[in-house]
Amino acid sequence: EPGDYQYGIIDWYQPLKNQIGGEDKKSNFEVFEAKIRIDAEFKNYGVHILPIVRDTKERGFFPSVAWIQETYAFAKFEPVTIKVGKVFAQLGRFWDNSFYGNAQEYDGLKLDPNHGVSIEGDIGPEERMGLKFFAQYFINDGVTNYSLPGRDTMSIMDARRRNYFVGRVEPFVKVGDITTLKLGVSGGYFQADIPGTDRQDVGRVSVDATAMVENFTGWAEYTHQFGNHLETSPFGGTDPYQKADWVMIGGEYTHGMLTVR
């Protein structure tokens, strides 16, 4: 998962023409992102900090070129962990295992850190059957998800997502020696606080399934939103939408040192 390692991404843009479509194009080279994970743990307690820096702002609504993507204090009481601070929301399947990410992060559904409390559990991880669960409450959004302008509340001037509740359960079963099946069910509710409008109540539900068979993993996810959290619809026109749907499907196969996704 993102944050479990340190890395840097260098971005080099070199156009093959000086002009494209009548617009001047110039080469560019920059540190796209540099990340380091810092953890300290003493017995059942600890802290986690994930700072990121880059040469330019990731998004116009970001506070600066350096930010804290995730930071929290935690306490472990097996099988439950309690986190307090800035934590990733766990609505739907968290990640698609790629190094860069999937399209849903640009709508703010994935890699979405928020300020609040997260209660997480993992029952029977080494057994034939088990369950992961999450219960989260966020006072407000963390301002630093990767949504594009106009795709999430935080890109609107002085707007915030507030009182965000998230719940997720993810049971699994191991069939034979090489097959694991998982089913995830998630729900979320938040208030979109947009200046000049009444408070908007927004709900989301998500269902995802994962099958892992030896070196192959496949997954599918469906997410539905009711309620509006934007000023205008990102799909065209000026009226905000009152519902939206997202579908994610993918897979990967690993052979030796090579993984195909």
Side-chain angles (χ1 to χ4, degrees), residues 1-11 32-33 35-37 39 48 50 52 69-70 78-81 83 87-113 118 120-136 145-148 151 166-188 204-225 244-261:
E1 294 180 352
D4 284 351
Y5 45 81
Q6 294 69 244
Y7 71 79
I9 300 176
I10 301 296
D11 180 52
F32 181 81
E33 201 167 271
K35 175 188 293 187
I36 186 170
R37 172 175 175 155
D39 288 303
H48 166 81
L50 190 63
I52 301 178
Q69 186 74 345
E70 192 179 31
E78 295 297 341
V80 174
T81 299
K83 301 176 181 179
V87 185
F88 284 126
Q90 297 289 333
L91 182 81
R93 179 184 172 89
F94 185 74
W95 199 241
D96 66 353
N97 296 348
S98 68
F99 86 98
Y100 193 75
N102 55 70
Q104 292 189 23
E105 69 174 320
Y106 300 118
D107 282 348
L109 271 70
K110 309 297 183 184
L111 280 191
D112 179 34
S118 179
E120 308 173 4
D122 192 356
I123 301 173
E126 305 299 329
E127 305 298 328
R128 303 293 294 184
M129 300 179 64
L131 172 74
K132 285 186 177 182
F133 62 87
F134 300 84
Q136 301 176 309
N145 71 23
Y146 292 95
S147 59
L148 295 174
R151 306 295 298 223
V166 180
R168 175 174 173 81
V169 292
E170 185 185 284
F172 73 87
V173 58
K174 296 179 180 179
V175 182
D177 296 329
I178 63 172
T179 302
T180 300
L181 303 176
K182 296 182 180 181
L183 176 67
V185 179
S186 312
R204 289 171 175 166
V205 292
S206 182
V207 178
D208 60 276
T210 302
M212 297 180 291
V213 183
E214 200 165 21
N215 296 332
F216 172 79
T217 301
W219 58 84
E221 177 190 78
Y222 169 72
T223 301
H224 175 74
Q225 173 177 308
D245 299 277
W246 293 265
V247 174
M248 179 173 69
I249 186 168
E252 66 179 32
Y253 177 76
T254 299
H255 181 75
M257 297 176 59
L258 179 66
T259 297
V260 179
R261 296 189 174 95

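Closest non-hydrogen pair, Gln136 versus Phe88, comes out as NE2-O, 3.1 Å. Across Val247 and Tyr222, no two heavy atoms sit closer than the pair CG2-CD1, 4.0 Å. Pairing each heavy atom of Asp107 with each of Ser147, the nearest pair is C-CB, 4.0 Å. In plain terms, the two heavy atoms of Leu91 and Lys110 that are nearest each other are O-NZ, 3.7 Å. Between Ser118 and Val87, the closest heavy-atom pair is CB-CG1, 4.0 Å. Looking at every heavy atom in both residues, Asp245 comes nearest to His224 through OD1-ND1, 2.8 Å.
Applying the salt bridge (Lys or Arg N to Asp or Glu O under 4.0 Å) criterion to Arg93, with sequence neighbours excluded, gives no partner residue.
A distance of 11.0 Å separates CD in Glu33 from CG in Asp11, rounded to the nearest 0.5 Å. Rounded to the nearest 0.5 Å, atoms CG (Asp112) and CD (Gln90) are 10.5 Å apart. In this structure, CZ in Phe172 is found 7.0 Å from CG in Asp122, a value given to the nearest 0.5 Å. Once rounded to the nearest 0.5 Å, the distance linking CE of Met212 with CG of Leu181 reads 8.5 Å. The distance from atom OG1 of Thr210 to atom CD of Glu221, rounded to the nearest 0.5 Å, is 9.0 Å. Here CD1 of Ile52 is found 4.5 Å from NZ of Lys35. Values are rounded to the nearest 0.5 Å.
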Original post:
For Val207 and Leu183, what are the C-alpha separation, side-chain angles and deciding distance, and is it a side-chain contact (heavy atoms from CB on, under 4.5 Å)?
Top reply: CA-CA 8 Å; Val207 178; Leu183 176 67; 4.2 Å; yes

Subject >> CA sep, side-chain torsions, deciding dist, call: Tyr146, Gln69, side-chain contact (heavy atoms from CB on, under 4.5 Å) >> reply: CA-CA 10 Å; Tyr146 292 95; Gln69 186 74 345; 3.3 Å; yes

**OP:** Test side-chain contact (heavy atoms from CB on, under 4.5 Å) on Arg151 and Asn145 and set out the steps.
**Re:** CA-CA 11 Å; Arg151 306 295 298 223; Asn145 71 23; over 6 Å; no

Original post:
Please walk me through it: do Leu111 and Phe94 pass side-chain contact (heavy atoms from CB on, under 4.5 Å)?
Top reply: CA-CA 7 Å; Leu111 280 191; Phe94 185 74; 4.0 Å; yes

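Judged by distance alone, the side chain of Ser206 and the main-chain N or O of Thr223 form no donor-acceptor pair under 3.5 Å. The backbone N or O of Phe134 sits nowhere less than 3.5 Å from a side-chain atom of Glu170 that would complete a donor-acceptor pair.
Two residues are said to be in side-chain contact when any heavy atoms from C-beta on lie closer than 4.5 Å; Arg204 and Leu109 meet this criterion. In this structure, Thr217 and Lys182 have side chains that are not in contact, with every pair of non-hydrogen atoms separated by 4.5 Å or more.
In this structure, Lys83 does not pair ionically with Glu70, as no charged nitrogen and carboxylate oxygen lie closer than 4.0 Å.
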